[in-house]
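In what follows, every heavy atom counts, from backbone to side chain, and hydrogens, waters and symmetry copies are set aside. Heads up: numbering here begins at 1 and tracks the sequence.
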Amino acid sequence: MNIDHLEQCVIARRSTDLSGLSPAEQFEHIQWRAKTILPVDALRELLSEKRPLNIKYGIDPTSPDIHLGHMVPVQLARMLQQMGHRITIVFGDFTALVGDPTGRVATRPLLSTEDIGANMQTYTDQIGKILDLNRIHIVQNTEFYQPLSVVGFIHLLRRVSVNQLLQREDFRLRLQSSGLSAAELIYPVLMGYDSVQLEPDIELGGDDQLINFSLTRELMKDFGKKAEVAITTDLLLGISGNGEKMSKSKGNYIALNDSATDIFGKIMSMPDDLLAHFFHLNTDITQEEWEELAQSMSTGTVNPRDAKRLLGRLVVSQLYSPTAAKQVDQGFVATFSNRQVPIDALDFQIPDDGIQLVTLLRESGLAPSNNHARQMIRQGAVRLVGPNQEEKITDPTHLVTPSHRDWAVRYGRHFLHLI
C-alpha cells in the first residue's frame with residue numbers, strides 16, 4: 001500500500017465539494033460516520049428533499065480547551081457542510097451555568113459569566129480548525145432564556161415529568177451516591193428547549209447524548225414542532241488504551257490547543273489496537289481505505305508504527321498544517337532513526353510540571369532504585385537524546401520537562417521514549 005498516496009487522498013477529501021452527491025450517497029457517507037440515527041427513515045426523507053438542511057451542534061463552554069473527543073461530531077458537521085447543509089453551533093452559555101450531568105459522578109463547579117465568555121472565544125477558535133467559520137451560524141442559548149418569564153419557565157418544566165428524567169441510569173446512580181441538584185435534573189429540558197427555539201432538521205452529538213436527544217424530540221412534538229433527527233457519533237476512547245473515553249479529568253486526552261509536537265507524540269504513544277478507532281473518528285479515511293491499510297498491517301507490508309505516523313500527520317495537518325505535520329514527523333524520525341533509538345522503545349509520560357531524572361529512571365523501571373539511578377547518572381551512563389543532539393546528564397536532579405517530549409532517555413543499552 002502506498003502510504004503517501006493515501007495521505008494525499010485523505011487530506012484532499014477535507015475540502016472536496018460534496019454538494020453534488022445524491023440523497024442515497026449522502027446517507028451512505030453519514031451512516032459511515034454515525035453511531036445512531038434516530039429515526040433512520042426520517043433522515044432519508046429529509047435528504048430526499050434536496051434542500052440545505054439545518055444542522056444543530058450544541059456545546060457548553062465549561063473549560064478553556066476542548067479535545068479530540070469533542071470534535072468527533074464536528075467532523076461530521078464539516079462533512080455535512082461540504083454537502084451544502086447549514087451548520088448552527090449553539091454555545092450553551094446559559095446551560096453551562098448548570099453543567100451537563102450526563103455521565104458525571106459529581107456536580108460540575110459553578111462558572112462565572114466571565115469564564116464562560118472567555119471559554120466561548122477559545123471554543124470558536126478551536127472549532128474553526130475544523131469548520132469554515134464563515135459558513136456557520138453561532139448562537140448563545142441565553143437568547144432563548146432571557147426573554148422567558150418565571151411563568152413561562154414553569155410552563156416549560158410542566159411538559160416533562162420527573163419520572164421521565166429519572167429513567168436515566170446515571171441520574172439514579174447519582175441520587176444513590178453524591179446526589180443530584182435540581183438544576184442538573186432539568187438540564188435535559190433546557191437542552192431540548194434550544195431545539196424548540198431553533199427547529200433544526202438534525203442535531204449532532206456524542207452517543208452519550210442519545211437520551212437527551214430522545215427527550216428533545218418529544219419536547220419538540222409537544223410544542224407542535226417537527227421533531228429533529230438525532231445523529232450521534234461514537235465516543236472517542238482515551239489514548240491510555242484502558243477502554244475509558246477520552247477525558248481531561250483522566251489525563252488521557254489530546255487537546256486541540258496542544259502543540260503539534262505534543263499531538264503527534266501522544267498519538268505515537270497510543271496502543272496499536274486504537275488505530276482503527278482513531279482513523280475512523282478523527283480522519284476522512286474511507287471504509288475501503290481503512291480495510292486495505294488494516295490488511296497491509298496484518299500481512300506485514302505496512303508497519304503499525306508507520307500507520308500511527310500517518311494518523312499523527314493527518315491529525316496535525318488538520319489542526320495546524322500539512323507543513324507542521326511533516327516537520328513533527330521528521331523530528332520523530334530524526335530522534336529514533338538517526339540516533340538509532342529502537343522504534344519500539346517503551347514510552348514514559350512526562351508530568352506537566354516535569355520530573356527529576358533520578359525519579360524518572362526509577363518510576364519507568366529502568367533503574368531498580370534511586371541509589372542505583374544516581375550512581376549510573378554520575379558515571380555518565382545516562383543521556384537525553386533529541387533531534388540532532390545527544391546530551392550526557394551527570395546531575396541526578398536534572399529536571400526533564402514537557403519540552404523533552406518526543407525525546408528519548410538512553411540508559412546504557414536501553415532507551416525510553418518520552419511523551
Heavy-atom pair of closest approach, residues Lys308 and Asp272: NZ-OD1, 2.8 Å
Expected list for residues 219-230: side-chain donor-acceptor pairs under 3.5 angstrom, two or more places apart:
unit_1, atom_1, unit_2, atom_2, d
Asp222, OD2, Arg159, NH1, 2.9
Lys225, NZ, Val196, O, 2.9
Lys225, NZ, Glu199, OE2, 3.4
Glu228, OE1, Ser195, OG, 2.8

Can you see whether Phe415 has Arg410 sitting over its ring - NZ or CZ less than 6.0 Å from the centre and within 45° of the normal? no
So, Asp132 and Arg78, do they make that salt bridge, N to O below 4.0 Å? no
Does the side chain of Arg13 pick up a donor-acceptor pair with the side chain of Thr283 at under 3.5 Å? no
Take a 6.0 Å sphere around CD of Glu291 and say whether it holds more than 12 heavy atoms from other residues, nucleotides or ligands. yes
Would you call Asp201 and Lys56 a salt bridge, using N to O less than 4.0 angstrom? no
salt_bridge(Arg313, Glu7) N-O dist < 4.0 Å: yes
Do you see a donor-acceptor pair shorter than 3.5 Å between the side chains of Ser19 and Asp17? yes
Filter on ring-ring contact (aromatic ring centres under 6.0 Å, His included), then keep only pairs touching residues 225-271, sequence neighbours left out; what's left? Phe264-Phe332
Under 3.5 Å: donor-acceptor pair, side chain of Thr16, backbone of Ala12: yes
Residue pair Asp234 / Val72: nearest heavy atoms and the distance that separates them: O-CG1, 3.9 Å
Tell me every residue that passes side-chain hydrogen bond (donor to acceptor under 3.5 Å, both in side chains) with Asn119, counting only those two or more places apart in sequence or in another chain. none
Look at the side chain of Asn141 and the backbone N and O of Phe144, then say whether any donor-acceptor pair between them is shorter than 3.5 Å. no
Indicate yes or no: at least one non-hydrogen side-chain atom of Ile267 is less than 4.5 angstrom from one of Phe278. no
Counting N and O atoms only, with roles assigned by atom type, does the side chain of Thr232 sit under 3.5 Å from a partner on the main chain of Lys35, one being a donor and the other an acceptor? no
Nearest heavy-atom approach of Lys248 to Ser63 is NZ-OG, 3.5 Å
Heavy-atom closest pair (Pro73 atom, Tyr57 atom, distance to 0.1 Å) is CB-CE1, 3.7 Å
Please name all residues satisfying side-chain hydrogen bond (donor to acceptor under 3.5 Å, both in side chains) with Thr88, sequence neighbours left out, ordered by chain then number. none
Considering only distance and modelled atom types, tabulate donor-acceptor pairs under 3.5 Å from the side chains of residues 359-367, sequence neighbours left out.
unit_1, atom_1, unit_2, atom_2, d
Arg362, NE, Asn370, OD1, 2.7
Ser364, OG, Leu360, O, 2.9
Ser364, OG, Leu361, O, 3.1
Ser364, OG, Leu366, N, 3.4

Please list all pairs meeting ring-ring contact (aromatic ring centres under 6.0 Å, His included) that have one or both residues in residues 29-51, counting only residues at least two apart or in different chains. Trp32-His280
Regarding Ser161 and Asn163, do their side chains bring together a donor and an acceptor under 3.5 Å, going by distance alone? no
Is the shortest distance from a Lys or Arg side-chain nitrogen in Lys326 or Asp329 to a carboxylate oxygen in the other one below 4.0 Å? no
What's the shortest heavy-atom distance between Cys9 and Glu289, and which atoms? CB-OE2, 4.0 Å
Indicate yes or no for a side-chain donor-acceptor contact from Asp93 to the backbone of Thr142 under 3.5 Å, with no hydrogens or angles considered. yes
Heavy-atom side-chain proximity of Met1 to Leu6 below 4.5 angstrom: yes
Heavy-atom count check: over 12 atoms from other residues, nucleotides or ligands less than 6.0 Å from Lys129 NZ? yes
Donor-acceptor under 3.5 Å (Asp258 side chain, Ile263 main chain): no
